[in-house]
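Since the structure comes first, as structure tokens, the remarks are kept for the end.
Not measured: the values here are computed from a predicted model. Labels below follow one simple rule: chain letters A, B, ... track the order of the sequence lines, proteins then strands, and each chain is numbered from 1.
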Amino acid sequence: MSFDVDVESLRATRLVRGWYARDALVVARALVGCLVVHERGEGGGEGRPRVSRVVETEAYRGPKDLACHARAGLTRRTRSLLGTEGHAYVFLVYGMHECFNVTCAGEGMGHAVLVRAAEPVSGLDPGARLDGPGRFARAMATSRALDGHDLTRPPLYLCGRPRRPRIAVSARVGVAYAGDWAARLWRFYDPSSVHVSRPPKKSIGLG
DNA sequence: CATATGATTCCA
DNA sequence: GGAATCATATGA
């Protein structure tokens, strides 16, 4: 159904290492509107590339950020999180959902940006839902098998945004345990997109 | 080895 | 509102 994409053109617009070598707050904002390209499916190579446009992100800023997994130091799980910028950090949450993150800042910094939602562009069911970290990772097949993958190389990489989107900010979702850090406005999203995930409602009457 | 707890989603 | 479901971190 969706139009064929020119893989060579996509590859040519890949984001380079230096793009990721910035604070997670900067990368999280810049990532909204960018494309995620996965040239291989779960089968390991069948089908067209899966392409989606990011509409929602969250910044996680290293050991001092109590909502960031880097607070646990270097473990088998946080190995890629604490590695070089521009790599995938994928982990399982709640025993069933995988979360896809992009490492940034620099080696050992523990900065990462969580991709929380995107809209389908190509190679996906036009009606596919990619709102919510679990749905995004499942639809794009960005599983833990890709943890530690270098995002400047195929089969999984990011491309610069075709157009500059509007950006809205809010507190991060699901990190109430992190005390003062939970209140920081480190979630970035395109308010004009219907694909943005909705935070759990803790109160009613918000319209 | 045992156990508490999530960077969530789906159903009632 | 509450269950599903398990890797991870932590402590014994």
Practice prompt. Using atom types as modelled and distance alone, determine if a side-chain donor or acceptor of A:Arg71 lies under 3.5 Å from a backbone N or O of A:Cys68.
Written response: yes
Worksheet item: Any salt bridge between A:Asp23 and A:Arg61, counting N to O under 4.0 Å?
Response: yes
Practice prompt. Mark this stacking check for A:Tyr60 against B:dA7 as yes or no, applying ring centres under 5.5 Å and ring planes under 30°.
Written response: yes
Worksheet entry | Pairing partner of C:dA4 (Watson-Crick or G-U wobble, both distances under 3.5 Å) | B:dT8
Worksheet item: Would you say a side-chain N or O of A:Tyr89 is under 4.0 Å from OP1 or OP2 of B:dA7?
Response: no
Practice prompt. For residues A:Phe91 and A:His69, establish whether the separation of their ring centroids is below 6.0 Å.
Written response: yes
Item to complete: Return the nucleotide paired to C:dA12: Watson-Crick means purine N1 to pyrimidine N3 with N6-O4 or O6-N4, wobble means G-U with N1-O2 and O6-N3, both under 3.5 Å.
Response: none
Fill in: Presence of salt bridge, A:Arg116 and A:Asp131, under 4.0 angstrom
no
Item to complete: Could you tell me whether A:Arg129 contacts a base, only the sugar-phosphate backbone, or nothing, with contacts defined as non-hydrogen atoms closer than 4.0 Å?
Response: nothing
Discussion item. What's A:Leu114 touching, base or sugar-phosphate or nothing? Going by heavy atoms closer than 4.0 Å.
Written reply: base
Item to complete: Examine the base of B:dA7 for any acceptor or donor lying under 3.5 Å from a partner atom in the side chain of A:His69, and report the outcome as yes or no.
Response: yes
Practice prompt. Would you please confirm or rule out a distance under 4.0 Å between OP1 or OP2 of C:dA9 and any side-chain N or O of A:Arg76?
Written response: no
